[in-house]
Amino acid sequence: QVQLVESGGDSVQAGGSVRLSCVASGYRYGSNCFAWFRQAPGKEREGVAAIYTGGAGARGGVEYYGDSVKGRFTISHRRSERTVYLQMDSLKPEDTAEYYCAAGELHPYGGSWCHLDAPHEYDYWGQGAQVTVSS
């Protein structure tokens, strides 16, 4: 049984930082795509960051970011721990949302291994972690 379990959700002030973790169990952790999506009340789900976990080394990978978080968020992973992280810095009130970890197979097209505008390409989803940023 595949499970993605997020942790690290928090309430912080604008300018603060939060690190989310996603532990994948029962999932073939090889060359896959992991991603973080978020959804705020009344808004559509938004792809935040994704990582292709192929490549050499325990932390090898190719990263992708949504325009609204570039330069502020960092996605990473540790193969041995089967864990994907989302480091969020310089947080803004508009970053307030439920954040979901997702995992799926590669879909190489358009010059990318993983895609943030195609949530249907991710087969497994976590339960969500709330991040609240106050002004």
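- Put simply, the side chain of Glu98 never gets that close to the backbone of Gln39: no donor and acceptor are under 3.5 Å apart.
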Residues Arg72, Asp95; criterion salt bridge (Lys or Arg N to Asp or Glu O under 4.0 Å); working and verdict: CA-CA 11 Å; Arg72 300 189 298 121; Asp95 293 318; 2.7 Å; yes

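- Sorted by first and then second residue, the pairs that involve residues 87-109 and meet ring pair (Phe, Tyr, Trp, His ring centres under 6.0 Å), not counting sequence neighbours, are Tyr109-His115.
- Between the side chain of Ser135 and the backbone N or O of Pro93, no donor-acceptor pair lies under 3.5 Å.
- Under the 4.5 Å side-chain heavy-atom criterion for grouping Ile, Leu, Val, Met, Phe, Trp and Tyr, Trp113 is not connected to Tyr122 through any hydrophobic cluster.
- The side chain to side chain contact (heavy atoms under 4.5 Å, CB included) search around Ser11 returns Thr132, not counting sequence neighbours.
- Summarising the geometry of Ser68 relative to Glu46, their closest heavy-atom pair is OG-OE2, 2.9 Å, with the distance given to 0.1 Å.
- To the nearest 0.5 angstrom, Thr53 atom OG1 is 5.5 Å from Arg79 atom CZ.
- The shortest distance between side-chain heavy atoms of Asp10 and Arg19 does not fall below 4.5 Å.
- Lys70 contributes atom NZ, which lies 12.5 Å from atom CD of Glu63 (distance to the nearest 0.5 angstrom).
- Two residues are said to be in side-chain contact when any heavy atoms from C-beta on lie closer than 4.5 Å; Tyr52 and Phe34 fail this criterion.
- Between Val131 and Arg38, every side-chain heavy-atom pair lies at or beyond the 4.5 Å cut-off.
- Scanning both residues, Leu4 and Ala24, for their nearest heavy atoms gives CD2-CB, 3.6 Å.
- Here the closest non-hydrogen pair linking Asp89 and Ser17 is OD1-OG, 2.7 Å.
- A pairwise comparison of heavy atoms in Val69 and Val48 identifies CG2-O, 3.4 Å as the closest pair.
- Sparse packing is recorded around CD of Gln13, with 12 or fewer heavy atoms of other residues, nucleotides or ligands lying under 6.0 Å away.
- Val62 and Leu106 fall within a single hydrophobic cluster, where Ile, Leu, Val, Met, Phe, Trp and Tyr are joined by side-chain heavy atoms under 4.5 Å apart, directly or via other members.
- To the nearest 0.5 angstrom, Arg45 atom CZ is 12.0 Å from Leu116 atom CG.
- Using a 4.5 Å cut-off on side-chain heavy atoms (C-beta onward), Tyr64 and Ile51 make no contact.
- Leu20 and Leu91 fall within a single hydrophobic cluster, where Ile, Leu, Val, Met, Phe, Trp and Tyr side chains are chained together by heavy-atom contacts under 4.5 Å.
- Atom CZ of Phe73 sits about 6.0 Å away from atom CG of Leu86, to the nearest 0.5 Å.
- In this structure, Tyr85 is not a member of the same hydrophobic cluster as Val12, with clusters built from ILVMFWY side-chain heavy atoms closer than 4.5 Å.
- Interatomic distance, Gln3 CD to Cys22 SG, rounded to the nearest 0.5 Å: 11.0 Å.
- Between Phe37 and Trp125, some side-chain heavy-atom pair lies under the 4.5 Å cut-off.
- With rounding to the nearest 0.5 angstrom, the CD1 atom of Ile75 is 8.0 Å from the SG atom of Cys101.
- Partners of Asp123 according to the side chain to side chain contact (heavy atoms under 4.5 Å, CB included) rule, which considers only residues two or more places apart in sequence or in another chain, are Glu105.
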